[in-house]
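Just follow the structure's listing: the first ligand is 1, and inside any ligand the first atom is 1. Reckoned from all heavy atoms, side chains included, excluding hydrogens, waters and symmetry mates.
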Amino acid sequence: MVNVSNETPSRSVRDRILRSAAAAATGLAAAAAAVGVGESVAVFTGADTAPVYAVGSAAIDLTPTPLKEYAIRTFGTNDKPVLLSGIYLTMALLAALAGMLAPRKPLAGAAVFAVFGGVGIRAALSRPGAAALDALPAVAAGTVGFTAMLLLALLLRRSVRATLPTTEPDGHPEQLTASTAAGDQPEQPARDRSSHRPSRRSVLAATGGTVAFGALAGFGGRAVSDRRHDIGAARASVRVPSPAEPLPPPPAALHPAVPGLSPFTTPNADFYRVDTALTLPRIDPRQWSLRIHGMVDHPLLLTFDDLLRLPLEELDHTLSCVSNEVGGPYVGTTRWLGASLPALLRRAGVRPGADQLVGRSQDGMTIGTPLESVLDGRRALLAVAMNGEALPVAHGFPCRTVVPGFYGYTSATKWLVDLDVTTFASYDPYWVRRGWDRRGEVRTASRIEVPAPFARVPAGDVTLAGTAWATHRGIAAVEVRVDGSPWQVAQLAADGGPDLWRQWTHTWSSAKPGTHRIEVRATDISGAVQTEARAAPFPAGATGWHSTVVTVT
Ligand SMILES: Nc1nc2c(c(=O)[nH]1)N[C@H]1C(S)=C(S)[C@@H](COP(=O)(O)O)O[C@H]1N2
Ligand SMILES: [Mo]
């Protein structure tokens, strides 16, 4: 046994912590190199094939519906950054552990990266429409991670042996077995350690260099990818044609001038976004085409220019998401411009027996709409513009479907590339496979926006205001009540038509100081009053009355 008493206990503890930290750092460095190389290779195969993104997209598709609902409810539009952060953190933790294992078991530590690569390959190949080449970023990432971990671990191991008379081959701290001492280690007094600093420094340099390499490859790769697939210019150069018969601007009477009430038309920048796309599909309109096929007599293939040459129609419409909670924000009103979807389907010649129209997006989303509704005379569009500008990339550029009366998940395919005329019996689209209602008709909803929840308002007459929608049926009445007193009929703003939400106001006269609860309910054109019964968004949309609590002072 070698006497190591010249090392004070606190010093040895500190050294061990430092060594563990250094080992963990080598794992993190190998992970950085792996992720970075994955991003670089993805420059050629597409940003969505970068391993972390591929794994994220696969996770989104595999997430059970209740968890997905929870994520949308809790994180809202931030659900994607939260998911990516979760993946990075999990990977960092495992990489650090791999790094700590590696000095003793280099192959085992490196194998963790082979597993990462494997998971990435599996995820990339599981994406809809994936080609074998899409696995390349994950293959490269796994290989680089494996190699970097192995090399850094061997370097670290050598430096530890060179630096300290204490290796811990089987976890006995500060005890050197005779064979190790005889084999690797000439006895080294502590004062000699400084002469081996270069070795420690070289581990540090190698680790830092690996991180720098990873960062450069990663951020560089992302930047090149973004530049290479930038379609901002292509989008800016789209000249949106005028509609055949322009609609007048929305009349001012649609919107009561109450501060705090949402605008009647939602600005594009504020329009809610809900989709499963971790990286936005970036489609060059010059390369885009739309196939209309299935149970039709004459399948069609349209280019973007073909589409723009068709007579274009405008549609003022309130789009909402089935995941919207009572009183929630996933609803917006916009003016779409696009080609008539029913006209194109008639041109293709729909065969008898077909009852479902399935839109497919470039990123593999599938959305099914009842065909008889598309053809029943409502204005259904292949939309190319929103509020007077080409569709924003996040909202489906260059083309999406819009069919009034349905939630987005059964009517509004963004990044549309394919329309399949089929049957409900033969095909379940993405959300239906996950248990959601196959029709997805919008339920009557109403919302109190003014006063804001938990607002403090002065006693006296208080203005209440909000919006209500029952898309494609239309709103006939809105009622409000305070503290469970009898319902009062609210004043409706002008009616823009059944496809639009309707704003309302009501004066709550002589409000008394204290805490009060305000409730709202709407009646649609058919005379059906919104049900009080609370239902969660899954599987067919939330129900229940929205209420808000205010303090009168
Ligand atoms: N390609 C694609 N289209 C999609 C989705 C999607 O995940 N992918 N989500 C749908 C859902 S659930 C809704 S509510 C609407 C939302 O459209 P928006 O993001 O433009 O508001 O898009 C629909 N179209
Ligand atoms: Mo949705």
Colleague: Would you find more than 12 non-hydrogen atoms of other residues, nucleotides or ligands less than 6.0 Å from R122 atom CZ?
Modeller: no
Colleague: Got a donor-acceptor contact below 3.5 angstrom from the R502 side chain to the A493 backbone?
Modeller: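 Between the backbone of A493 and the side chain of R502 there is a qualifying donor-acceptor contact (under 3.5 Å).
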Colleague: Looking only at distance, does K414 have an N or O less than 3.5 Å from an N or O of ligand 1?
Modeller: yes
Colleague: Against heavy atoms of C321, which atoms of ligand 1 measure under 4.0 Å?
Modeller: 14 (S)
Colleague: Determine yes or no for a side-chain-to-main-chain donor-acceptor pair under 3.5 angstrom, with R379 supplying the side chain and P404 the backbone.
Modeller: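 Not confirmed, R379 side chain does not pair with P404 backbone.
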Colleague: Pull out every atom of ligand 1 sitting under 4.0 Å from any heavy atom of F271, numbered as shown with elements.
Modeller: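 Matching atoms, with element in brackets: 21 (O).
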Colleague: How about Q356 and R438: do any of their side-chain heavy atoms sit closer than 4.5 Å?
Modeller: no
Colleague: Do D61 and R127 sit within salt-bridge range, that is, some charged N less than 4.0 Å from a carboxylate O?
Modeller: yes
Colleague: Would you mind listing which atoms of ligand 1 come within a distance below 4.0 Å of any non-hydrogen atom of W415?
Modeller: 1 (N), 2 (C), 8 (N)
Colleague: Any idea which protein heavy atom is nearest atom 13 (C) of ligand 1, and the distance to it?
Modeller: G408 CA, 3.7 Å
Colleague: Side chain, backbone, both or neither: which applies to D363 and ligand 1 if a contact is any heavy-atom pair less than 4.0 Å apart?
Modeller: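 Side chain only.
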Colleague: Polar-atom distance check: R400 versus ligand 1, any N or O pair below 3.5 Å?
Modeller: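 Yes, since at least one N or O of R400 sits under 3.5 Å from an N or O of ligand 1.
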Colleague: Consider every N or O of A394 and every N or O of ligand 1, then say whether any pair is closer than 3.5 Å.
Modeller: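 There is no such contact.
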Colleague: Need the ligand 1 atom indices (1-based, order shown) with element for anything under 4.0 Å from a heavy-atom of S361.
Modeller: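 In order of numbering, the contacting atoms are 1 (N).
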Colleague: Any N/O of H395 closer than 3.5 Å to an N/O of ligand 1?
Modeller: yes
Colleague: Could you tell me whether the side chain of R400 and the main chain of H395 form a donor-acceptor pair under 3.5 Å?
Modeller: yes
Colleague: Is the Lys NZ or Arg CZ of R273 less than 6.0 Å from the centre of F271's six-membered ring, within 45° of the axis?
Modeller: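 So R273 doesn't make the cation-pi contact.
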Colleague: Tell me whether the NZ or CZ atom of R73 lies within the 45° cone about the ring axis of F538 and under 6.0 Å from its centre.
Modeller: no
Colleague: Is T276 in polar range of ligand 1, meaning some N or O pair under 3.5 Å apart?
Modeller: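 Among all N and O atoms of T276, at least one is under 3.5 Å from an N or O of ligand 1.
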Colleague: Show your reasoning for whether salt bridge (Lys or Arg N to Asp or Glu O under 4.0 Å) applies to D230 and R282.
Modeller: CA-CA 7 Å; D230 181 20; R282 289 175 276 198; over 6 Å; no
Colleague: Considering only protein heavy atoms, which is closest to atom 6 (C) of ligand 1, and at what distance to one decimal place?
Modeller: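 That would be D275 CB, 3.4 Å.
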Colleague: So which bit of I367 gets within less than 4.0 Å of ligand 1, heavy atoms only: side chain, backbone, both or neither?
Modeller: side chain
Colleague: Which residue owns the protein heavy atom closest to atom 2 (C) of ligand 1, what's the atom, and how far is it?
Modeller: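 Residue, atom and distance for the closest contact: M365 CG, 3.5 Å.
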Colleague: Among protein heavy atoms, which sits nearest to atom 9 (N) of ligand 1, and what does the distance come to when rounded to 0.1 Å?
Modeller: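 Going by distance alone, atom 9 (N) of ligand 1 is nearest to V274 O, 3.2 Å.
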Colleague: Within the structure, does A412 bring an N/O atom to less than 3.5 angstrom of an N/O atom in ligand 1?
Modeller: yes
Colleague: In terms of atom number and element, which parts of ligand 1 are under 4.0 angstrom from non-hydrogen atoms of Y409?
Modeller: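 In order of number, 11 (C), 12 (S).
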Colleague: Can you check whether L310 reaches R347 side chain to side chain, under 4.5 Å on heavy atoms?
Modeller: yes
Colleague: Check whether any side-chain heavy atom of P537 sits under 4.5 Å from a side-chain heavy atom of E325, and report yes or no.
Modeller: yes
Colleague: When you compare ligand 1 with T413, is there at least one nitrogen or oxygen pair between them that comes in under 3.5 angstrom?
Modeller: no
Colleague: So, do V258 and L464 sit near enough that their side-chain heavy atoms are less than 4.5 Å apart?
Modeller: no
Colleague: When you measure from atom 14 (S) of ligand 1 to each heavy atom in Y330, Y272, Y407, which option holds the nearest one?
Modeller: Y272
